[in-house]
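No hydrogens, no waters, no symmetry mates; every other heavy atom, side chains included, goes into these values. The sequence lines fix the lettering, A, B, ..., with proteins before strands; numbering per chain opens at 1.
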Protein chains: 2
Amino acid sequence: MKTPRYRRRKEDRPKEIVAAAFAEFAEHGYAATKVEDVAARAGVSKGLTYLYFKTKEDLFRAVIRNVVGERLDALIDVVEQEQLSGEAFLRGPMLDFMKRVPDSPIPVVIQLLLAEGGRHPDLVKYYFDNIVAKGLQAIRRFVARGVARGEFRVTAVNELPQLFLAPVVLAMIWRLLFPERTLDTDKLMEAQLEMILAWIKV
Amino acid sequence: MKTPRYRRRKEDRPKEIVAAAFAEFAEHGYAATKVEDVAARAGVSKGLTYLYFKTKEDLFRAVIRNVVGERLDALIDVVEQEQLSGEAFLRGPMLDFMKRVPDSPIPVVIQLLLAEGGRHPDLVKYYFDNIVAKGLQAIRRFVARGVARGEFRVTAVNELPQLFLAPVVLAMIWRLLFPERTLDTDKLMEAQLEMILAWIKV
DNA sequence: TTCCTTGCTGACCGGTTGGTCATTAATTAT
DNA sequence: ATAATTAATGACCAACCGGTCAGCAAGGAA
């Protein structure tokens, strides 16, 4: 009984290579990552990588597009259902979501786009449209609905949904830059939400 | 009258090269920047760059260290003078400072450190100690002093001076990632400060 | 004017790595 | 079994770029 030296797995190879590339890019950054290392991590030869992805840049694009926001979509569903009061939504699902972001793949994508985005405006646009704009729009609608319901006052928050994201962004950058310096990111999110709530509640 | 092909300017060359390197790094990132392009931008030959900086990495370090926080020191001086009330300080010098950061060289440094920081832990530490920690400590003392004076309540802000920086960080990242998408960063800072003020005022 | 010091140049080298392709072998069809 | 197909390999190439260095010329000294 001899085991074959490799198995043909046309279906799974691409996603495995993308996953390996994500890990390598996250560790060393795009430029410093060698295609051969990606291949090695995926348990594959360098040549095979080039069978599924024309260039290293192609692979980069695949990595970015692969990390999509399923969690964001789930959150938007919750807010659109209008079951919860504004306050309950913020203290519940919204807070949970915000707490989870720093540990998700999103920070890595931000990091990669910051480093390489200049040469990939289409990728930046893709991310802006599918993640950032979508999220901001949902928050905007949420705040407006709260006002319509008589739960919230009209404040600067109506035009600046970024106020909700500010601590999330800080938490992401902090973790990326200073992974060893502890920062209670959960408490940060909670404090920001409490402040906003106190500010906008009627 | 023949003009010499070059002039000897031992004194000025280093800072000119560092300035050119900063510009190139900001445009293309560290890895994608060729030393030859830096030299060209500084109006100098590649060889000369290596006369003043042993390696490309050395040049990188010089660039990072060169961008120091004089403005931050000035701000800290103001807060330490204790002339202004807590509220007046926040609405005046603090707000001005926050508004200026996104247009300063700091975002570029953040960008570079995010991309290359992993391989330069000493530079990250340098920046943390000299900019981040210093700033946070100053804010922490400021809030504590407000409490001692009876101006502020004790809140989560006492332990989380990062709440002041959150919109600044978001503004920086936004500008770096989406330079063409307008965001009223001034209004963002103002709103955050108003919220914090309303939250902590006695 | 001549000589000396040294800031500065630019041709060159060698290691690294993105990308290719002839070959091999796992799988399927006959 | 055997042939046909194609997933997968890995040796190889060529360009690119960080870093070197022998020599040139600017500026000062005598």
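Using cut-offs of 30° and 60° for the angle between ring planes, the A:F142 and A:F89 rings count as tilted.
In this structure, A:R41 and A:I17 have side chains that are not in contact, with every pair of non-hydrogen atoms separated by 4.5 Å or more. At a threshold of 4.5 Å between non-hydrogen side-chain atoms, the residues A:R8 and A:R13 do not count as touching. When side chains are defined from C-beta on, B:V168 does not count as touching B:T185, because their heavy atoms never get closer than 4.5 Å. Counting heavy atoms from C-beta on, the side chains of A:H28 and A:K34 never come closer than 4.5 Å.
No option in A:D184, A:L188, A:L183 other than A:D184 meets the side-chain contact (heavy atoms from CB on, under 4.5 Å) test with A:D186.
Nucleotide C:dA26 holds its P atom 10 Å from the CZ atom of A:R7, rounded to whole Å. Between the CZ atom of B:R5 and the C1' atom of D:dA25 there is a distance of 8 Å, given to the nearest Å. When rounded to the nearest whole Å, the span between CZ of A:F60 and P of C:dG18 equals 14 Å.
Near DNA chain D, meaning a heavy atom under 4.0 Å away, the residues from residues 45-58 of chain A are A:S45, A:G47, A:L48, A:Y52. A heavy atom lying under 4.0 Å from DNA chain D marks the following residues of residues 9-39 of chain B, by number: B:T33, B:K34, B:V35.
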Please enumerate all protein N or O atoms sitting under 3.5 Å from an N or O of nucleotides 28-30 of chain D, with distances to 0.1 Å.
none

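Taking every side-chain heavy atom of B:R8 into account, D:dA26 is the closest of C:dA26, C:dT9, D:dA26. For A:P4, whose side chain is taken as the heavy atoms from C-beta onward, the closest listed nucleotide among C:dT9, C:dA26, D:dG27 is C:dA26.
A:Q137 pairs by the side chain to side chain contact (heavy atoms under 4.5 Å, CB included) definition with A:R140, A:R141, not counting sequence neighbours. A:R181 is linked by a side chain to side chain contact (heavy atoms under 4.5 Å, CB included) to A:W174, A:F178, B:K125, B:F128, B:D129, counting only residues two or more places apart in sequence or in another chain. Every residue two or more places apart in sequence or in another chain was checked for a ring pair (Phe, Tyr, Trp, His ring centres under 6.0 Å) with B:Y52, and none qualifies.
Shortest non-hydrogen contact noted between A:E151 and A:G86 is OE1-N, 3.1 Å.
One finds a salt bridge joining B:K201 and B:E87 here, because a Lys/Arg side-chain nitrogen approaches an Asp/Glu carboxylate oxygen to under 4.0 Å.
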